[in-house]
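Written out below as structure tokens is the structure these notes cover.
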Amino acid sequence: MIRSVHQNTIKISQLADDITIIVQDIKSVEAVLRFLSTFSKYSGLYLNKSKTEAVWLGKNVHNKDKPLGLRWNNGYFKCLGIWCHTDTARMIDKNYTEKIDKLQNILNIWQQRLLSLKGKITVLWSVALPQVLYVTSILYTPKWVTAEIDKILFKFLWSDKKPHVKKETIIADIDYGGLKMVHFESMQKAIKLSWIKRLNRMSSNCAALADAQTNLPMPITDVFQCKLRAEFIHCKNSFYQQLLEYWFDLYSIQPETFKDVFVEPLWFNVNIIVGGSPIFYKEWWNNNIRWIYDICNWNGTIMTKEDLQNKFNFVVDQMEYNSLVSAIPDRWRQMIKNQSMSFNDKEIYVHLNGVKKSVDKLKCREIYTFLISKIKKQPTAIQKWAEVYDISEHEWETIFSLPFKICVETDLQTFQYKIINRFFPCNYTLSIWYSEISNMCQYCCKEVDTLVHYFVYCADVVIFWKQFEKMWKRIFEFWFPLREVDIIFGVQNEISDGNIDTLNYCILFAKFYIYQTKRNGDKIFFLKFLHMLKNRIEVFEAMYISQNKYEQFLIKWSELYDNL
């Protein structure tokens with residue numbers, strides 16, 4: 001007989017060429033080998049003992065015997081891509097050290113390319129992050145790992161220089177002023193929290209493996225419905241300890257409606273405290289008394305001791321009853337007074353940004369988005385721009401999103417992002433970073449080279465924008481005088497006019513031309529800009545044709561292209 005390490009035996013189907021088996025004793029190993037020998041007679045597939053590793057676990061971890069002709073290993077061994085070891089701390093350290101080294105080597109290669117901020121973030125999401133997510137999803141993640149990976153990712157993003165945008169800003173969505181930069185701490189939390197859905201769906205036998213890891217006297221699927229803090233959780237396994245800490249941080253919110261109060265758990269709830277700790281009455285639990293709803297009358301009042309005994313048919317201890325009833329917050333009692341509800345729903349729900357979501361339908365991306373929403377901050381540059389322009393919150397969302405709506409080039413998107421967040425390298429900004437650089441405009445040598453001067457009021461630039469306005473009037477037959485704010489941020493397009501989108505792209509491309517020309521020390525010529533713009537539109541034409549969208553190209557660009 002093959003004996004498992006737990007009381008319950010778990011039967012699975014397994015491919016014969018790659019199998020990991022955990023059993024209780026050497027007799028069970030012998031039984032496994034006999035079973036495989038029988039399998040070999042019918043399949044012709046034989047066990048290669050020279051490639052079969054065995055490890056002593058538990059109380060036999062220091063056993064030096066090497067029976068049955070197997071390769072006995074007292075050090076590291078690999079299982080499903082993970083280095084395993086009898087010492088958990090050494091196992092965690094080796095896995096993360098190896099992955100961090102690989103991550104650093106990959107980013108060192110990509111760092112040699114002149115990528116934009118948006119391009120770097122794409123690399124981090126698609127190439128770098130997958131290197132560590134698998135290990136993170138099944139192993140405890142120490143704080144030093146989170147800090148080290150976070151350091152490596154942001155060091156790559158800013159090319160080992162001082163960050164120009166706060167971490168809490170750049171990780172936010174684009175319409176909030178961010179670039180959706182990777183936030184590893186939130187991502188590894190979201191990855192681990194995805195296990196809640198898996199464990200909730202597992203068969204009772206598989207879930208029993210997780211049940212054995214907690215110190216709470218209930219199945220782990222019921223533990224998920226408790227509301228605890230970290231100091232009340234003591235798991236044997238560090239992975240489950242971390243998983244539950246993350247879960248209770250996400251799940252343990254204060255009830256906002258009387259319906260929320262009715263479904264508050266009675267046991268292991270930090271809101272129901274007796275003697276400084278959450279309570280758990282085993283006999284009450286065994287009699288299916290789980291929720292506030294279970295101890296309430298039809299009108300929302302708390303049942304008497306006698307009513308409880310009659311309803312659930314067991315003897316209620318007077319001290320336990322008094323302690324529980326007195327521990328229920330007065331605010332909750334007022335919320336459910338004169339209220340009633342039917343409660344047959346056994347699903348677990350979480351509230352993400354005001355939306356009630358079933359755990360069985362919860363996605364990792366949704367958890368990550370929620371975690372980011374709790375820490376994200378808008379750019380500090382907004383406060384500086386507010387001293388000059390009167391821009392509403394809705395308009396800021398449009399300004400942040402505009403470059404990503406009107407163009408696909410990551411260099412242009414990053415270029416505008418630098419302008420909005422005021423770390424574009426005009427001389428005024430450079431003089432703040434480097435004391436030896438003058439803040440005067442080196443192109444006209446007349447004024448301080450602020451962002452606005454650089455793109456709007458520099459001598460040749462003023463002429464350039466006048467020619468731009470005349471061109472637009474000639475082609476589209478309407479006069480559109482560009483204001484300072486239009487040149488810096490783009491034209492607000494509240495009616496979703498396609499011509500305004502085209503205008504905004506041309507303004508952005510014109511600013512990029514001005515930047516490249518000044519950086520190279522060349523003269524600003526409007527005809528050269530028109531030539532570059534026409535070449536860029538031809539590239540768009542090829543892209544639209546390759547995507548079978550040529551009609552869309554004609555609608556958006558043909559009128560401008562034909563008249564350049």
Side-chain angles (χ1 to χ4, degrees), residues 193 196 199-200 204 207-208 210-237 240-241 243-297 300-305 307-333 335-336 341-351 358-359:
L193 286 168
I196 302 294
L199 291 168
N200 203 42
S204 57
D211 295 344
Q213 305 303 322
T214 74
N215 66 316
L216 302 178
M218 60 178 70
I220 196 165
T221 51
D222 291 323
V223 173
F224 294 151
Q225 295 179 333
C226 299
K227 291 189 176 181
L228 289 173
R229 290 193 298 265
E231 61 264 32
F232 298 116
I233 309 166
H234 304 287
C235 294
K236 301 173 185 177
N237 183 292
Y240 285 101
Q241 175 77 24
L243 170 62
L244 289 177
E245 288 177 7
Y246 292 161
W247 169 246
F248 290 131
D249 185 49
L250 178 74
Y251 182 65
S252 299
I253 62 172
Q254 287 289 338
E256 297 178 355
T257 67
F258 76 89
K259 292 183 179 180
D260 294 335
V261 174
F262 274 129
V263 296
E264 278 288 310
L266 290 167
W267 318 122
F268 297 118
N269 189 332
V270 291
N271 299 305
I272 303 176
I273 299 293
V274 174
S277 300
I279 58 175
F280 177 73
Y281 299 154
K282 182 69 174 177
E283 191 173 0
W284 293 51
W285 171 268
N286 290 338
N287 283 280
N288 290 318
I289 302 177
R290 310 287 173 86
W291 318 95
I292 292 289
Y293 170 83
D294 293 327
I295 63 171
C296 287
N297 292 307
T301 58
I302 305 298
M303 288 183 181
T304 64
K305 172 175 170 282
D307 289 340
L308 273 175
Q309 290 182 149
N310 293 332
K311 180 179 179 180
F312 293 99
N313 195 28
F314 82 107
V315 178
V316 176
D317 182 273
Q318 185 68 51
M319 290 288 289
E320 290 180 345
Y321 175 82
N322 292 343
S323 297
L324 173 61
V325 172
S326 62
I328 296 174
D330 291 336
R331 175 175 168 269
W332 292 9
R333 295 193 191 201
M335 291 173 69
I336 62 175
M341 68 175 287
S342 58
F343 176 57
N344 298 313
D345 198 347
K346 299 297 183 182
E347 284 193 80
I348 306 174
Y349 292 93
V350 292
H351 292 265
S358 169
V359 165

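What you see below is based on every heavy atom in this structure, not just the backbone, and it leaves out hydrogens, waters and symmetry mates. Sequential numbering from 1 along the given sequence is applied to the chain's residues.
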Give every donor-acceptor pair under 3.5 Å between a side-chain atom in residues 261-278 and any protein atom, sequence neighbours left out.
residue	atom	partner	partner atom	Å
E264	OE1	N269	ND2	2.9
E264	OE2	K227	NZ	2.4
W267	NE1	I289	O	2.6
N269	OD1	N271	N	2.9
N269	OD1	N271	ND2	3.2
N269	ND2	P265	O	2.9
N271	OD1	Q254	NE2	2.8

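For the atom pair CD1 (I233) and CZ (F248), the distance works out to 5.0 Å, reported to the nearest 0.5 Å. L308 contributes atom CG, which lies 9.0 Å from atom CD1 of I302 (distance to the nearest 0.5 angstrom). Residue L199 holds its CG atom at 5.5 Å from CD1 of I220, rounded to the nearest 0.5 Å. A distance of 8.5 Å separates CH2 of W291 from CG of D294, quoted to the nearest 0.5 Å. Rounding to the nearest 0.5 angstrom, the gap separating the CE atom in M218 from the CG atom in N286 is 10.0 Å.
Considering only residues two or more places apart in sequence or on other chains, K259 meets the side-chain contact (heavy atoms from CB on, under 4.5 Å) condition with T257, M341. With sequence neighbours left out, N297 forms a side-chain hydrogen bond (donor to acceptor under 3.5 Å, both in side chains) with T301. In this view, T304 and D307 satisfy the side-chain hydrogen bond (donor to acceptor under 3.5 Å, both in side chains) rule, not counting sequence neighbours. For D249, the side-chain contact (heavy atoms from CB on, under 4.5 Å) partners two or more places apart in sequence, or in a different chain, are K374. R229 meets the salt bridge (Lys or Arg N to Asp or Glu O under 4.0 Å) test with E231; sequence neighbours excluded. For D330, there are no side-chain hydrogen bond (donor to acceptor under 3.5 Å, both in side chains) partners at least two apart in sequence or on another chain. For Y281, the side-chain hydrogen bond (donor to acceptor under 3.5 Å, both in side chains) criterion is met by no residue, not counting sequence neighbours. With sequence neighbours left out, N322 forms a side-chain contact (heavy atoms from CB on, under 4.5 Å) with Q318.
Within 6.0 Å of atom CG in N313, 12 or fewer heavy atoms from other residues, nucleotides or ligands are found, so the atom counts as exposed in its surroundings. Dense packing is recorded around CD of Q309, with more than 12 heavy atoms of other residues, nucleotides or ligands lying under 6.0 Å away.
Judged as a salt bridge (Lys or Arg N to Asp or Glu O under 4.0 Å), not a single pair has a partner in residues 309-328 (not counting sequence neighbours).
Ring planes of Y251 and W247: parallel class, angle under 30° (limits at 30 and 60°).
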Test side chain to side chain contact (heavy atoms under 4.5 Å, CB included) applied to F224 and V359, step by step: CA-CA 10 Å; F224 294 151; V359 165; over 6 Å; no
So R333 and I292, side chain to side chain contact (heavy atoms under 4.5 Å, CB included) or not? Walk me through it. CA-CA 10 Å; R333 295 193 191 201; I292 292 289; over 6 Å; no
Assess the residue pair I295 and I328 against the criterion (side chain to side chain contact (heavy atoms under 4.5 Å, CB included)); give the C-alpha distance rounded to whole Å, side-chain angles, the decisive distance to 0.1 Å, and a yes or no. CA-CA 11 Å; I295 63 171; I328 296 174; 3.7 Å; yes
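Taking every heavy atom of both residues into account, F312 and N288 meet most closely at CE2-O, 4.0 Å. Residue M303 comes nearest to C296 through the heavy atom pair CE-O, 3.3 Å, listed as atom of the first residue, atom of the second, then distance. Minimum heavy-atom separation, K305 to V316: CE-O, 3.0 Å. Across all their heavy atoms, L324 and I279 have their closest contact at CD1-CD1, 3.5 Å.
W285 contributes no side-chain N or O that, together with a main-chain N or O of F280, makes up a donor-acceptor pair within less than 3.5 Å.
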